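Below: the structure, in structure tokens.
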Amino acid sequence: DLVLVLDSSASLLEEGWNRTLEFAAGLVQYANVGATDTHVGVVVFSGRARVRIRYDDYDNATALSEAIMGLSFLNGATSLGSGLRRAVNRLGVDGATGRRSEYPVSFVVVTDGDPTDNITEGVQLLRDHIDYVTVVGIGNGVENATLYEVAGSEGVVMKVTDTLDLRRFDSISEAVEGAVCNVTAYNNRDHDVNVNFNQHFIFFIVIHLNKHFFIVIHLNKHFFIVIH
């Protein structure tokens, strides 16, 4: 089960929101979406948070991508804490509609600014219920400390300069999907995810053919991805 938690605050502007949707729609193309395969839910947050797509709404990636591209821009505050709470309580916990407790659940959180509300409760819910968290921070409006707090010690943190960088979604989405698949693979082999990620420190470079390169570092329990 995969949940996308998308910032739809005013600082993105409508153009940035559309690029965020393109990124999200591109990401689900990498997931094996299907009734008996990956299920995807989407939460959008601004001044308030709303579940826009539930797990059982779509059973193929094409229809799901089209639905994501049709999500409206909320154009308000950055209530990240509200977004996290709504996402976990409605889609992340065992017993949530469509949630399959026999499978791990992964969150991908995209945000461009520091939260205008308290995120402590939402972060604790992530730690208590969510198997893996990837956070994509856009621009300099969001503090790195906030991204790391949301991701947790085993999560992935990515930082891009602006929403234009999200248009390189092929490479970024591959990295996100790889992180999501890693936790699934570990769980399927009955390994402890925390132990596996703590025991390895990795540094590697992924070359992008379109004149860009991606430096990926696993250091001190965090993944960092730098795009040049």
Side-chain angles (χ1 to χ4, degrees), residues 1-9 12-46 49-75 83 86-88 90-92 96-112 130-136 138 156 158 160 162-185 187-188 206 208-210 212 214 225 227:
D1 292 338
L2 172 65
V3 177
L4 309 181
V5 186
L6 307 178
D7 186 343
S8 187
S9 59
L12 274 172
L13 305 178
E14 190 154 6
E15 185 177 23
W17 172 241
N18 290 333
R19 292 171 186 155
T20 300
L21 294 181
E22 289 174 2
F23 166 71
L27 176 59
V28 302
Q29 294 296 326
Y30 286 89
N32 188 24
V33 177
T36 59
D37 295 302
T38 303
H39 291 184
V40 179
V42 180
V43 170
V44 174
F45 68 90
S46 182
R50 305 170 186 177
V51 178
R52 291 302 198 193
I53 296 174
R54 299 183 182 277
Y55 289 124
D56 52 3
D57 285 348
Y58 299 94
D59 62 4
N60 70 86
T62 300
L64 176 58
S65 294
E66 290 175 356
I68 289 173
M69 289 304 302
L71 296 177
S72 58
F73 182 39
L74 298 183
N75 194 28
R86 179 61 59 92
V88 176
R90 296 294 180 87
L91 296 173
T97 302
R99 172 80 180 94
R100 300 170 296 175
S101 59
E102 69 270 27
Y103 295 110
V105 59
S106 299
F107 272 38
V108 177
V109 181
V110 183
T111 185
D112 84 321
I130 307 307
D131 297 285
Y132 209 69
V133 180
T134 299
V135 184
V136 180
I138 303 170
V156 174
M158 303 182 185
V160 296
D162 53 39
T163 53
L164 280 171
D165 283 329
L166 291 176
R167 287 190 162 175
R168 304 174 193 159
F169 66 77
D170 281 344
S171 295
I172 301 174
S173 294
E174 286 173 3
V176 171
E177 194 236 358
V180 170
C181 286
N182 279 340
V183 70
T184 303
N187 280 347
N188 286 343
V206 179
H208 189 262
L209 296 179
N210 192 24
H212 299 288
F214 299 79
I225 297 185
I227 302 174

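These numbers were taken from a predicted model, which means no experiment stands behind them.
- Taking 4.5 Å as the limit, some side-chain heavy atom of Tyr55 sits within range of a side-chain heavy atom of Val3.
- In this view, Glu15 and Arg19 satisfy the salt bridge (charged side-chain N to carboxylate O under 4.0 Å, His left out) rule, not counting sequence neighbours.
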Identify every side-chain donor-acceptor pair in residues 56-65 under 3.5 Å, counting partners at least two apart or on other chains, and give the distances.
unit_1	atom_1	unit_2	atom_2	d
Asp57	OD2	Arg54	N	2.8
Asn60	OD1	Thr62	N	3.3
Asn60	OD1	Ala63	N	2.9
Ser65	OG	Ala25	O	3.1
Ser65	OG	Gln29	NE2	2.6
Ser65	OG	Ala61	O	3.0

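- Applying the side-chain contact (heavy atoms from CB on, under 4.5 Å) test between Val5 and each of Val133, Val109, Val108 identifies Val109 as the sole match.
- In this structure Ser9 satisfies the side chain to side chain donor-acceptor pair (under 3.5 Å) test together with Asp7, Ser11, Thr78, Asp112, sequence neighbours excluded.
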- Task: Let me see the working for Val44 and Phe73 under side chain to side chain contact (heavy atoms under 4.5 Å, CB included), right down to the final yes or no.
- Result: CA-CA 9 Å; Val44 174; Phe73 182 39; over 6 Å; no
- Message: Could you go through Thr163 and Phe23, starting from their C-alpha distance and side-chain angles, then the distance that decides it, and tell me whether this counts as side chain to side chain contact (heavy atoms under 4.5 Å, CB included)?
- Response: CA-CA 9 Å; Thr163 53; Phe23 166 71; over 6 Å; no
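- A heavy-atom distance below 4.5 Å is not found between the side chains of Leu166 and Glu22.
- The two residues Thr38 and Ala31 make their nearest non-hydrogen contact at CG2-CB, 4.1 Å.
- Without hydrogens or angle criteria, Asp131 side chain to Val105 main chain gives a donor-acceptor distance under 3.5 Å.
- No donor-acceptor pair under 3.5 Å is formed between the side chain of Trp17 and the backbone N or O of Asn75.
- The two atoms that bring Asn18 and Met69 nearest to each other are O-CE, 4.4 Å, heavy atoms only.
- The minimum heavy-atom distance linking Arg100 with Ala35 is given by the pair NH1-O, 4.2 Å.
- Minimum interatomic distance between Val43 and Gly83 (heavy atoms only, all atoms of both residues): CG1-O, 4.0 Å.
- Note that CG of Leu71 and OG1 of Thr20 are 11.0 Å apart. Values are rounded to the nearest 0.5 Å.
- Every salt bridge (charged side-chain N to carboxylate O under 4.0 Å, His left out) that Arg99 has, sequence neighbours left out, goes to Asp1.
- Evaluation of the side-chain contact (heavy atoms from CB on, under 4.5 Å) rule for Ala24 yields Leu4, Leu6, Ile68 as partners, not counting sequence neighbours.
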